[in-house]
Amino acid sequence: MRTRYLVAFAQSHSDFRLPELQSISELHDFHIHLPDEPDTSRPFMVVELEDEKHAVILAKRCILIKSIYEFYAQGETYDEVHKMNRSNRHLWEKYIPNTSFKFNVTGFNHTIPQRRQRDVIENFAYMDFRGKIDMKNPEITMACFEEYECRQAPANGLPRKRCEDDGSFKEIFFGRLIVEGTARQLVGVFDVKKRAYFGNTSMEAEISLLMANQTLASPGKLIYDPFMGTGSMAYPIAYFGALVFGSDIDGRQMRGKGKPPGVIRAATQYGVASKIIDLCTFDVTHNPWRCGELFDAIITDPPYGVRAGAKRLGRKKELSEEKKALYFQHSQSPRPDDQPYIPPTKPYELSNLATDLVLLARYLLKPGGRLVFFLPTVTDEYQEVDIHTMMCEGMEVIANSLQDFGSWGRRLITIRKTSNNKYLPPAYRPVAGEAENAHVPAHRDFREKYFQGFNKDGDSLAA
Amino acid sequence: MVRLVTHNLLACHAKDCNTNNFPLVFQNVQLEIREAEFNPGFIQSFLPKIEWNALVKTAQELGDTSLPIDQPEMIDDELLKNLHHVLFEIHIVEGAMICPNCKHNYPISDGIPNMLLAEHEIA
């Protein structure tokens, strides 16, 4: 039998809420029944679950869940709430005779004056709880939320005070606390500032945890990051029990200064060093993987050029025949005092990288495996179809969440390999003979667009 | 820390090096044994991906003869433990991996192999 639960979300990354709920329920193999038209911009959501245990699982693992309540009532007025609450008497009557309790009345985007909090509580007197009131260790906690619109400060005035317009709420929710979310504290545990090793492109803790949840990381899984960098996503994944492989074209990112390598030092700090199977230096477009279908998930934050651009092996400009001959001659008979050879690299354009990444994932993922990565987009130009320009047969987008930075943003894309077919590794070449009127995704040449301030009329740096 | 599970998944990928490019041969290696958490379920599910002959040959070259030459059909606890040790607990910290075919030298330092290709080795 399905029971309704009230989920209170943390006030951040609203676009990531549903994908996270769905991923964690899929990971633990239970169904979560969402409202028909879920509004993820709001902090409360009523969902249906088959078992209270499922609520506990969600609260333990979902970074964006603040707490979960057994749902008793909702309404735009208190009359509606009390009416509904009375009709749900069977849910709470067992607490009437002898259960210690406390009552919380909280405003969202608002502070309810203490006096009215008391009034609200007293209006629930018909529930007739006989147990004693215990503010410290109650057996049950009842919670009543008033949700207020987030009101911007008027252009020429002071911001609204937290207690202004008391009572003009949008909706009320009422329920009994099941479980407080415990995963949010991981955001502090993985705080980049407290990490033994990080770089200027390290991913912030909260987002890397959200990414880790999208990969369904759990013990017994093997997950690969082909743009490992300083390993930001590896730590949460390993913390959730999965084994991690990392590779990067630039080994210095993974090593840092000193020994052991930086990524290993940070992993040791989190107690997960043994979960980092190995780190390798190679260009993912010239990779040494012997076969495909190795990984349960691929997670990555490809460098897209705001801090550092993506690179691949090769030269921007081919060498002249003469120089090529010289190079070849030298590579055959190196001098004893040579520095270690560092091959030349060339830029790797973002839309090509994204297309290649999906093809690579199709080759390297086990059937049902997931590819989770960030794609930067230009807010004004983004269209749904942009994502489809990089898709291929056998792969399906299952989540697409925006982190908005104003004129640009990045989208966390989750793609599932739906096919059981075996695929060849990608050729890493732009598709030859691309149709002239083919859709050009807004993330093409993202780096150039970024540094031109996303000029709409295409004026370059002149503006 | 190149572990043998990694070694078993990597082949030489230089341009036109398509045959006899696996397994890479360890050279001048410095080993370390580090205990790892035993995960029999993972080993069993990953075993189909492992090239048995290459694994046994490489383990022997490194002085570990705990694995039978022919892949047994039945996997018992002892075999799982030995596999665990060979795949996850033997780390190559320094040295190199050499392609048996084109002789490309992939150096390992601080446990991180450098698998980058030179300019003339990429297609």
Side-chain angles (χ1 to χ4, degrees), chain A residues 219-222 241-243 245-252 254-255 258-264 272-283 285-296 312-315 318-319 324 327-328 331-332 340-345 366 425 427-429, chain B residues 1-15 17-18 21-24 32 34-46 48-51 54 84 87-89 91-94 97 99 104-123:
Chain A
K221 289 198 176 160
L222 185 59
L243 300 171
F245 262 120
S247 75
D248 201 297
I249 190 169
D250 186 351
R252 294 172 303 180
M254 301 183 287
R255 292 174 194 271
K259 289 184 185 185
V263 168
I264 302 299
V272 297
S274 72
K275 298 258 193 286
I276 311 286
I277 289 289
D278 261 311
L279 307 170
C280 285
T281 305
F282 59 76
D283 172 5
T285 70
H286 294 97
N287 70 67
W289 296 117
R290 175 173 60 79
C291 58
E293 297 190 16
L294 290 171
F295 303 108
D296 296 282
R312 54 183 301 197
L313 290 180
R315 268 182 206 277
E318 284 296 312
L319 289 179
K324 249 187 208 166
Y327 155 78
F328 197 71
S331 71
Q332 294 308 306
Y341 171 75
I342 296 168
T345 57
K366 297 177 190 167
Y428 304 105
R429 273 184 218 105
Chain B
M1 316 176 302
V2 179
R3 309 193 206 201
L4 294 195
V5 61
T6 309
H7 172 263
N8 201 272
L9 299 175
L10 302 176
C12 179
H13 56 125
K15 183 181 170 186
C17 184
N18 304 316
N21 58 348
F22 173 84
L24 303 172
E32 236 177 70
R34 275 183 228 158
E35 232 173 87
E37 196 184 318
F38 184 45
N39 190 338
F42 180 78
I43 295 174
Q44 267 174 332
S45 67
F46 204 72
K49 290 286 161 198
I50 296 289
E51 277 282 339
H84 169 71
L87 287 170
F88 294 105
E89 297 191 323
H91 295 254
I92 290 82
V93 185
E94 299 286 331
M97 296 187 283
C99 172
H104 185 112
N105 179 313
Y106 296 102
I108 301 168
S109 94
D110 276 334
I112 301 180
N114 181 350
M115 310 286 293
L116 288 174
L117 296 177
E119 207 171 343
H120 62 279
E121 292 168 319
I122 59 176

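As the structure is a prediction and not an experimental result, all values here were calculated from the model.
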So which of B/N39, B/V2, B/I112 has the largest heavy-atom pair count under 4.5 angstrom toward chain A? B/I112
Between B/H104 and B/L117, is there a donor-acceptor pair closer than 3.5 Å when you use the side chain of the first and the backbone of the second? no
Partner set under side chain to side chain contact (heavy atoms under 4.5 Å, CB included) for B/N21, not counting sequence neighbours: B/A11, B/C12, B/C17, B/C99
Greatest number of non-hydrogen atom pairs under 4.5 angstrom with chain B, of A/L313, A/I249, A/L243, falls to A/L313
Going by heavy atoms in the side chains, are A/K366 and A/D296 under 4.5 Å from each other? yes
Of A/D283, A/I342, A/I264, A/L222, the largest count of non-hydrogen pairs under 4.5 angstrom with chain B goes to A/L222
Flag, side chain of A/R290 to backbone of B/N8, donor-acceptor distance under 3.5 Å: yes
Contact class of B/I50 relative to chain A, heavy atoms under 4.5 angstrom: backbone
Return yes if some donor-acceptor pair links the side-chain N/O of B/E32 with the main-chain N/O of B/I92 below 3.5 Å, else return no. no
Most chain A-contacting option - heavy-atom pairs closer than 4.5 Å, from B/H91, B/E51, B/K49: B/K49
Measure distances from A/P344 to the heavy atoms of chain B and classify the residue's part below 4.5 Å as side chain, backbone, both or neither. side chain
Proximal component of B/S109, with respect to chain A [non-hydrogen, under 4.5 Å]: both
B/Y106 versus chain A, heavy atoms under 4.5 Å apart: side chain, backbone, both or neither? neither
Nearest 0.5 Å, please: how far is CG in B/D110 from CD in B/E94? 5.5 Å
With chain B, which of A/C280, A/S247, A/G251 has the greatest number of heavy-atom pairs at distances under 4.5 Å? A/C280
According to the interplanar angle, ranging from 0 to 90°, do the rings of B/F88 and B/H84 count as parallel (below 30°), tilted (30 to 60°) or perpendicular (above 60°)? tilted
